[in-house]
Amino acid sequence: SNHVVFSHFYGFVVNNLGLYMINKKLSRKIENLRFLCQNDSTILLLWIGERRGQSMFKFWGGKKQLERQTMQYWEDTSYMLGLVHPKCDYTLDENVFERIRNIEDVTLQARSLPSEENPGRLLISYHGEEYELEFEYGEYEAKDLLNVCTLQFFTKEEMALLEQSKYALTTAMKFGKKFEDAYQLQVKILYAMIGLESIAIYDESAEYIMNRRWAEIFVQSEVGALYNNLYHVQAVVKGDKLWLHTHGLSRCGVDELEILNVNKKDYSAYYSLLTVYASHKLDGNTENTIYIGVDTNGKEIVVRALPWTEALNYYPKNVLGGIADRQESHNTQSRVLFFVDEENEEEQELHHVSENIDELEKDVLYYWSNELTEKTYKLARERFSYVIRALKEGIEVRIKVLFQGESQEEIVWVKAERFLEEEQTIVGTLANHLFFSREFDMGDEMICPIKSLVDWTICLGEFYIHPDSAYVLDLYRNA
């Protein structure tokens with residue numbers, strides 16, 4: 001109503017001179033504000049009303065409001081393709097169903113091969129849930145993917161074979177609530193159907209290409225999928241700036257996440273920030289404002305995710321990841337991360353994540369989600385044999401262990417030196433400062449029981465092998 005009087009007025013005026021924020025108390029009719037929108041080059045966005053939980057009146061002048069688009073087929077449904085080895089003559093026939101029946105805990109309730117009119121279908125029961133999977137086989141030029149997708153590690157010989165791959169077995173499946181189970185099930189089915197006759201698996205929903213050797217050990221794991229298997233972080237570079245965004249979260253019922261307009265040299269710090277926040281969302285946290293850690297000064301790190309349609313109002317028009325970069329994609333269910341300054345309880349200010357980079361680059365204690373932490377522990381121990389092999393071969397290894405400090409437990413990195421088999425311990429030196437204890441300092445010797453192991457990294461020059469990428473050590477040893 002033009003006669004309603006509002007007690008607060010918050011908004012932005014955007015024109016060709018930049019972005020201006022308005023934060024004033026007003027007591028006037030809305031019609032008196034219309035003069036601000038007479039210029040076509042000006043966009044006016046107003047939030048009018050009370051803060052903190054009440055609905056806000058939105059008024060636009062100039063150009064139309066940004067809107068989320070409908071999700072693409074590969075976003076709400078998981079698409080994975082088995083890329084056929086160019087030297088194999090793959091045949092899709094009834095034999096694949098017997099191989100699927102042999103997957104542990106899988107009950108094949110119904111199945112059909114593809115026809116001219118319809119794709120093949122599977123109805124499967126797995127760990128108390130039912131899944132329907134569609135599949136088809138046909139021509140597919142894998143080389144077209146290599147410039148637009150991120151890849152796991154492949155040898156030069158494998159890359160050459162990947163470029164020659166011209167056929168693929170495509171699978172599509174809805175994940176449901178047990179998305180970790182669903183992810184491993186889809187990989188297991190695909191591997192059972194094509195297995196050794198493939199060169200790679202292309203996760204179209206995550207825009208990520210996995211080595212067949214990775215799939216070979218993944219399908220045998222008792223731990224199952226980690227959160228970082230479910231999605232992948234891509235980085236778009238323009239000059240010295242980065243736009244980080246995820247692919248794959250949507251199929252898990254979680255909005256994709258982004259970080260805009262940050263320096264390329266600080267990629268690692270922002271990658272950690274993004275993945276920690278994602279772990280809490282996958283853990284079932286429905287809040288958009290989440291406490292994710294504490295910096296070296298003891299200040300809590302609070303992150304809020306805004307829909308991209310709102311977030312772009314906090315950036316200049318030509319920012320990398322702006323509206324010009326969203327005409328064909330990245331315009332559906334996605335949110336951009338901001339820091340929240342909660343020191344002033346009356347007014348929670350949002351800040352670009354680039355503003356706190358100095359603190360992020362130091363030792364930050366992140367609050368990883370419970371589910372991810374537990375699975376990381378289990379996978380590190382399940383594949384601990386790779387650590388023993390690396391130490392015996394003189395390769396640098398760092399382990400992450402749970403340390404009981406003076407006041408509480410904390411997780412620390414230790415540079416491993418040797419494994420004592422009888423004692424089931426690792427001897428090494430502390431590789432980072434402790435947060436909650438003064439008992440040890442960097443460089444001090446530590447003796448770590450295997451039961452305290454949380455994670456590990458094998459260092460091959462500038463290349464790092466983690467439990468999930470353990471297959472790379474096999475390739476290295478073979479080479």
- Message: Are the side chains of Tyr231 and Val233 in contact, using a 4.5 Å heavy-atom criterion?
- Response: yes
| query | Any side-chain heavy-atom pair from Leu282 and Leu249 closer than 4.5 angstrom? | reply | yes
Note to self: If you define the side chain from C-beta out and look only at heavy atoms, does anything of Thr107 sit under 4.5 Å from Gln109?
What the structure shows: yes
Salt-bridge criterion met for Asp76 and Lys174 (N-O under 4.0 Å): yes
**Request:** Could you check if a side-chain atom of Pro467 sits within less than 4.5 angstrom of a side-chain atom of Leu379, using non-hydrogen atoms only?
**Result:** yes
Sequence neighbours excluded, the answer for salt bridge (Lys or Arg N to Asp or Glu O under 4.0 Å) partners of Glu180 is Lys375
- prompt: Quick one: does Tyr271's side chain get under 4.5 Å of Leu273's, heavy atoms only?
  reply: no
Q. Does atom NZ of Lys415 have more than 12 heavy-atom neighbours, drawn from other residues, nucleotides or ligands, at distances under 6.0 Å?
A. no
For this session: Answer yes if the side chains of Glu136 and Thr170 hold a donor-acceptor pair under 3.5 Å, and no otherwise.
Result: no
How far apart are the C-alpha atoms of Asp455 and His466, what are their side-chain angles, what is the distance that settles it, and do they pass the side chain to side chain donor-acceptor pair (under 3.5 Å) test? CA-CA 8 Å; Asp455 200 358; His466 305 283; 5.2 Å; no
Q) Do side-chain atoms of Ser165 reach the backbone of Val84 as a donor and acceptor pair under 3.5 angstrom? A) yes
| said: Below 30° counts as parallel, above 60° as perpendicular, anything between as tilted: where do the rings of Tyr73 and Tyr79 land? | reply: perpendicular
Looking only at atom types and distance, does a side-chain atom of His280 sit under 3.5 Å from a main-chain N or O of Tyr367, one as donor and one as acceptor? yes
- Query: Does a donor on one side chain sit under 3.5 Å from an acceptor on the other, for Gln186 and Ser78?
  - Reply: yes
Could you walk me through whether Met446 and Phe403 pass side chain to side chain contact (heavy atoms under 4.5 Å, CB included), step by step?
CA-CA 10 Å; Met446 297 190 74; Phe403 172 73; 3.5 Å; yes
Between Ser221 and Glu382, a side-chain donor and acceptor under 3.5 Å: yes
Between Arg68 and Asp255, is there a side-chain N and carboxylate O pair less than 4.0 Å apart?
-> yes
For this session: Verify, without hydrogens or angle tests, whether Ser279 (side chain) and Val276 (backbone) share a donor-acceptor contact under 3.5 angstrom.
Result: yes
Check: Hey, is Asp181 close enough to Lys188 for a salt bridge, meaning N to O under 4.0 Å?
Finding: no
*asked:* For Trp74, is there any backbone N or O sitting under 3.5 Å from a side-chain donor or acceptor partner on Ser205?
replied: yes
Before giving the answer on side chain to side chain contact (heavy atoms under 4.5 Å, CB included), spell out for Phe135 and Leu169 the whole-Å C-alpha distance, their side-chain angles and the decisive distance to 0.1 Å. CA-CA 7 Å; Phe135 63 95; Leu169 178 65; 4.3 Å; yes
- Message: Under a plain distance cut-off of 3.5 Å, with no hydrogens placed, do Glu75 and Gln333 share a side-chain donor-acceptor pair?
- Response: no
Are the aromatic ring centres of Phe338 and Tyr314 under 6.0 angstrom apart?
yes
Are Arg121 and Glu132 close enough for a salt bridge, meaning some N to O gap below 4.0 Å? yes
Presence of salt bridge, Glu158 and Arg213, under 4.0 angstrom:
yes
Note to self: Is the shortest side-chain heavy-atom distance between Tyr386 and Trp456 below 4.5 Å?
What the structure shows: yes
Let me see the working for Thr457 and Val397 under side chain to side chain contact (heavy atoms under 4.5 Å, CB included), right down to the final yes or no. CA-CA 6 Å; Thr457 299; Val397 177; over 6 Å; no
Original post:
Do the ring centers of Tyr183 and Phe218 come within less than 6.0 Å of each other?
Top reply: yes
Checking side-chain polar atoms at under 3.5 Å, does Ser198 have a donor or acceptor matched by the opposite partner on Arg212? no
Quiz prompt | Side chains of Gln69 and Thr332, donor plus acceptor under 3.5 Å | solution = no
Gln152 versus Ser469, side-chain donor and acceptor atoms under 3.5 Å: no
| task | Please determine, by modelled atom types, if Trp214 and Asp468 share a side-chain donor-acceptor pair under 3.5 angstrom. | result | yes
Exactly one of Phe339, Tyr315, Tyr270 clears ring-ring contact (aromatic ring centres under 6.0 Å, His included) with His352, and that residue is Tyr315
Next item on the list: Might you confirm whether atom NZ of Lys178 has over 12 heavy atoms from other residues, nucleotides or ligands at distances under 6.0 Å?
Entry: yes
* Could you go through the side chain to side chain donor-acceptor pair (under 3.5 Å) check for Glu130 and Ser125 one step at a time? => CA-CA 4 Å; Glu130 285 192 353; Ser125 175; 5.7 Å; no
**Asked** What do you reckon, are the aromatic ring centroids of His330 and Trp243 less than 6.0 Å apart?
**Response** yes
Does any non-hydrogen side-chain atom of Tyr476 lie less than 4.5 Å from one of Leu460? yes
Between Arg326 and Glu256, is there a side-chain N and carboxylate O pair less than 4.0 Å apart?
no
- Is Ile124 close to Ile189 at the side-chain level, that is, under 4.5 Å between some pair of heavy atoms? yes
Quiz item: Passes side chain to side chain contact (heavy atoms under 4.5 Å, CB included), Phe463 versus Phe153? Steps please.
Solution: CA-CA 10 Å; Phe463 194 89; Phe153 178 79; 3.8 Å; yes
Of all heavy-atom pairs linking Glu134 and Pro119, the shortest is OE1-CG, 3.7 Å
